[in-house]
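To start, the structure itself, in C-alpha cells.
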Amino acid sequence: MSACVPTRATRPTDSATPERLHQPHSPPPAPRRRFHLAGADVSASIAVFLIALPLSLGIALATGAPLQAGLVAAAVGGLVAGRFGGSALQVSGPAAGLTVVTADLIHRYGWRTTCAITVLAGLAQLGLGCLRVARTALAVSPAIVHGMLAGIGVTIAVAQLHIVLGGTPQSSVLANLLALPAQVAAGRPAALVVSALTLTLLLLWPRLPGRAGRLLRKVPAALVAVSGATAVASLTGLTLPRVELPSWSSHALAGLPEGPALGLVAAVLTITLVCSVQSLLGAVAVDKLVAARAASPDGAEPTDGTGSAAIGSASPTGSTTAAASPATVPSAPRVARSDLDRELLGQGAANIVSGALGGLPIAGVAVRSSANVRAGAVSRNSTMLHGVLVVVAALLMVPILELIPLASLAALVMAVGIQMVSLHHIRTVTRHREVLVYAVTTLGVVFLGVLQGVALGIAVAVATALHRLAHTRITHDEKEGVHHVRVRGQLTFLAVPRLSRALHLVPHGAPAVVELDGSFMDHAAYETLQDWQKTHTAHGGTVEFGGRRPGLRIAEPVIPHADEDADCRCGPWTPWRNHQCDLTSLAPATTGDADSRRTDTVIATSTETATGAGTGTHAPAPAPAPTRTGTTAAESTPPESAGAKSADVPPDDTDDGRNRDTDRKETDPPPTAHQLVRGISAFQRNTAPLVRDELERLAREGQRPSQLFLTCADSRLVTSMITSSGPGDLFVVRNVGNLVPLPGEDSGDDSVAAAIEYAVDVLEVRSITVCGHSGCGAMQALLNAEPGEAHTPLKRWLRHGLPSLERMADDGRPWARLAGRAAADAVEQLCLTNVVQQLDHLRAHASVDRALRAGALELHGMYFHVGEAQAYLLTEGKVFDHVRPVDVPV
C-alpha cells in the first residue's frame, strides 16, 4: 500500500470560508440596536393574551377587587416585568397563588390600602434584588412551596364553588364549607348550567381527537370555555350576574396605607414572599422548558395542564434529551438563561407600577409562561406585546367583556385552583419522605393563612431534618456465625454511644459485617469505627463494611498483617485513569511497612449523588469526589477484598510477593482476570441497582436508539461519557479508524454496512454521527505506510482510509480545519479530513440516501480531542467548531 504524504503541513485559511466574527474566548460583539419583531413572538403573544384575558378577570373576581384591576395587572406584568425582568419568556400578571392573600387584605384594609401594600411589596422586592439574594429564595424546600400552592388552590376552589352555584363566598375556608349545604339547597339552575358548560369545555377541548382536533387545540381552552359559556348565556337569555367594568375615569388608585403598623408590615412581607418565591421558581422552570423545547425534535414540551412547570418541578418528560447533539436541534435564536436578581428587580418594578395604578399584585404565572414557551416565543417581545394587547382589549372590548357571566369566570378559576393541588407533587414529596411538611403547610395555609402556613411548614421541615440527623437505629444480630451490625440513619456524635455498645457485642476473633445505611458520617463516628476495626482485626477478626441502599457505597480499609500481602486498591473508577494493577508495589516488604500502612486506614463513603442515584441512566456517574472522611472511593478497596489474603500470591511465596512473575503458579489466574471480576462485582453492587429498572424496560420494549454513533475503537474514546448518554440512547459501531467502506467494495467484511442498514431501516435512527479523535493510530499508520508491506488484515482494512489520504493531498479542495487554530500536525489534519470523507461514504449507501432525501435523517461530523477533553462539531463550512457549555441545554 503506497503512502500519500501530503506536500503541505499547514494551509492558510481558505478565502471562501467565512471567518468567525470574534475569537472563541473574547466577548461577543454588541447586539444590533435595530428593533426586530419575530413572527414567533407575535403568534406567541396572541396565544398568551387569549389565556390571560379571562384568567385576569377571573382572579380579580376571586379576590373581590375591581375587575379592571386584573386587566391593569396583566398589562403591567407584560410591559414592565416583561421589559425589565431577568427571564425573557416568563409571563407575569395576577397569579392564582396570590388570590387568597389579596382577598384577605381587601377584606381587612380595603382596596386602596391593598394597592399601597402592593407598592410597598414592590419596593421590598427592589431592595432584595439590589442585595442580590434572589437565589436564597430557592433554598425553600419544594415541599413547602408545593404545600403553599396546594393550600391556596383549595382555598380558591372552595370559595369559587359558591359563585359557581350562584351564591356569594364567605371570608374563610371553614365558613365556606359550613355554608356550602345551604348554597346547594338554594339551587340556581342558570348558574349551574353556565358553570357546567365552562368546566366541560375546559376539560374536553384539549382532548379533541384527529387532525381537526390538533388544529382546534391551538385555541386556548380557557378562551373557548368562557366564550362558549358566554355565547350560550346570551343566546338563551339566561339571567345571570355578569362582568361589570366601570368607567376608567372612576377607577380607584392607590392611597395611603391605613391600619395597624404591625399588620401592614406582615401584609407587605407576605406579598413579597409569595410573589418573589413564585416568580423565581417560575423563572427557573421556564429555563427548563426552554431547554427541553430546544432539545426536543418537534420543539414541543408536554405539560400536565396545571402549569406546575412554572413552580420549579417540571422537567423533560422522559425523552433522552441529554444524549441529543446540539447539531440535531433545528436552528433557532438562543434564549438566554434567567438572571434571577434582575427578575426580582423587574417584579418589584411591576408591583410598584401595578399598585400605583390600582392593579392586583403581580408574580410570574405558570399557565401563561408555559403557553408562551410552547407557542415558540424567542424573546421578551412576546411578553411585552401580550401586555399591549391587554391594554387594547381593556379600552376597546369593554362591551364584549361585559357579556361574560361571573359563574363562567368562577368555574375557570375554580378549575385552576383544583389543578394547583398536583398529584405529581404529592407523589414527589411522598417519595422523598416530606409528606408531613407538605400536609402541614397545606393545612396551615387553608385554615390559618399563607404566611402562617409557610412558617409552620418551615418549622416542620427544620424539625424533620433535625430528627433525621439525630435519629439513628442501630441493631446487632448473629447469623451462621457472622455478626451483623446494622446502622439506619446518619452517623453523628449523638449515635456514638449506641454504636459503641453494638460493636462491643461482637466477640473477639469473629467475622463481622457492618452495614451503613446513610449518607453522612461525622468525625466522631468515623474514629469510633476505625478504632474498633483496628482492635477487632488485631485479635484475629475480620470486618466487612457494606450498605444495603444502592446509593451508598462503603469501602472497607485494607489493614494487612505483617505476613500478608496487600491487595490492589482498585476502585470502580480506576480503569478510567488507565490504571494498571501493580500489586508488587503494594506488598509490604517488612513488618514495619505493614504497621505504617495500618495507620493510614481510611473509611470512604459516597453519597447517592456521587453514585448517580436519582439522576436516571442517561449520564455517567461523575469521578469520585473527596468524601466527608477525606478520601475518594477509588482510593479504597471494595468490600469483598477486606479481611482476606491476596488471591494472587500463594502462601508459600518466599519473597513476600515481590517477585510475582517468577513465583506465580501455573494454576493462578492472571491479574487481569481479578481486575475483570472486581469490575463486574463493583457494577453488580453499585451500578446495577440504579439501572435495573431502565434495563428491564429496554428488555421489555426493545431498543429504540435515536442515533447511530460510528467511532474509532480507541480505548480512550468513551462514547457514553462524551455524549452523556445511557442504555438505549446510542447504537454504536466501532472500528479501527472510524471507517465507512463504500458500498460494493470487496472488503470481505460487511459488518459496517450491515450496521448502517439495520440502524436506518430497522431502528429508524434520526441521525448518524461519525466521530474521529486526536492521536488516532489508524491515521498514523496510513501516513507511515510503506509500499510493498505485507497485506495483513489491518493493512487490508486501512485501505478504506486511502480516499481520506488522497483528499488531504488534493490542493483543489479546502482542508477541514478546527475553529480558531490550525491542525497541530499531519496526523490531526488527516483525522479531520477522514471524518469529512467518511460522511461522503455514508451518503453513498442506499439506505442513508433514501432517508436523507425523505428528510428523516441527519448526518453529523465530530472530532474529539482526547488531551483537551474537548468535542468539536462539523459545520457547513467544513470547520470543526467547539461545543461549549452554553450550546447544550441543561
* Asked: Passes side chain to side chain contact (heavy atoms under 4.5 Å, CB included), L739 versus Q838? Steps please.
  -> CA-CA 6 Å; L739 301 177; Q838 301 313 314; 3.7 Å; yes
* Would you please test V740 and L839 for side chain to side chain contact (heavy atoms under 4.5 Å, CB included) and show each step? => CA-CA 8 Å; V740 181; L839 288 173; over 6 Å; no
* What do the steps show when you test I768 against V760 for side chain to side chain contact (heavy atoms under 4.5 Å, CB included), and what is the final call? -> CA-CA 9 Å; I768 302 178; V760 175; 3.9 Å; yes
* To do: Test side chain to side chain contact (heavy atoms under 4.5 Å, CB included) on Q837 and E806 and set out the steps.
  => CA-CA 10 Å; Q837 184 65 36; E806 295 168 357; over 6 Å; no
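Considering only residues two or more places apart in sequence or on other chains, A856 meets the side chain to side chain contact (heavy atoms under 4.5 Å, CB included) condition with none of them. With sequence neighbours excluded, the residues satisfying side chain to side chain donor-acceptor pair (under 3.5 Å) with E868 are Y872. A search for side chain to side chain donor-acceptor pair (under 3.5 Å) contacts involving N738 returns nothing, not counting sequence neighbours. Take A844 and apply the side chain to side chain contact (heavy atoms under 4.5 Å, CB included) test, not counting sequence neighbours, and it matches L742, P743. With sequence neighbours excluded, no residue forms a ring-ring contact (aromatic ring centres under 6.0 Å, His included) with F683. Every residue was checked against the side chain to side chain donor-acceptor pair (under 3.5 Å) condition with R734, not counting sequence neighbours, and none meets it. In this view, T875 satisfies the side chain to side chain donor-acceptor pair (under 3.5 Å) rule with no residue, not counting sequence neighbours. Here R796 pairs with H791, P793, R799 under the side chain to side chain contact (heavy atoms under 4.5 Å, CB included) rule; sequence neighbours left out.
In terms of heavy-atom proximity, T723 sits nearest to S725 at OG1-OG, 2.8 Å. Across every non-hydrogen atom of D41 and S379, the tightest pair is OD2-OG, 2.6 Å. When every heavy atom of V765 is checked against every heavy atom of L857, the shortest pair comes out as O-CD1, 3.5 Å. Nearest approach of A819 to H882, heavy atoms of both residues: O-CE1, 3.5 Å. The minimum heavy-atom distance linking Y863 with C831 is given by the pair CE1-CB, 3.9 Å. Considering all non-hydrogen atoms of both residues, S87 and E343 come closest at N-OE1, 2.9 Å.
Atoms OG1 and CD1, from T711 and I722 in turn, are 6.5 Å apart once rounded to the nearest 0.5 Å. S767 contributes atom OG, which lies 4.5 Å from atom NE2 of H860 (distance to the nearest 0.5 angstrom). Rounding to the nearest 0.5 Å places NZ of K878 at 11.5 Å from OG1 of T833. We find the CZ-CZ distance between R807 and R813 to be 4.5 Å, quoted to the nearest 0.5 Å. If you take CG on L763 and CG on L708, they are separated by 9.0 Å, rounding to the nearest 0.5 Å. Distance check, rounded to the nearest 0.5 Å: OG of S706 to CG of L730 gives 7.0 Å.
Residue pairs meeting the ring pair (Phe, Tyr, Trp, His ring centres under 6.0 Å) criterion with at least one member in residues 713-742, sequence neighbours excluded: F731-Y758. The ring pair (Phe, Tyr, Trp, His ring centres under 6.0 Å) pairs that include a residue from residues 817-849 number zero, where partners must be two or more places apart or lie in different chains. Under the salt bridge (Lys or Arg N to Asp or Glu O under 4.0 Å) criterion, the residue pairs touching residues 709-719 are D714-R716, with sequence neighbours excluded.
Side-chain contact between V752 and L710 is present, with at least one heavy-atom pair separated by less than 4.5 Å. The shortest side-chain heavy-atom distance between V284 and L340 falls under the 4.5 Å cut-off. Inter-residue side-chain proximity for N834 and L805 is flagged as unmet; no heavy-atom pair is nearer than 4.5 Å. Between S681 and Q684, every side-chain heavy-atom pair lies at or beyond the 4.5 Å cut-off.
Ion pairing between a basic and an acidic side chain is recognised when a charged N comes within 4.0 Å of a carboxylate O; D840 and R843 show such pairing. Taking a cutoff of 4.0 Å between a charged side-chain nitrogen and a carboxylate oxygen, R697 and D693 do not qualify as a salt bridge.
For D287 (side chain) and S338 (main-chain N/O), a donor-acceptor pair under 3.5 Å exists by modelled atom type. At distances below 3.5 Å, not a single donor-acceptor pair connects side-chain atoms of W815 with backbone N or O atoms of Q829.
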Enumerate donor-acceptor pairs with a distance under 3.5 Å from any side-chain N or O in residues 772-782 to protein atoms, sequence neighbours excluded.
from, atom 1, to, atom 2, distance (Å)
S774, OG, V866, N, 2.9
Q780, NE2, N784, OD1, 3.4

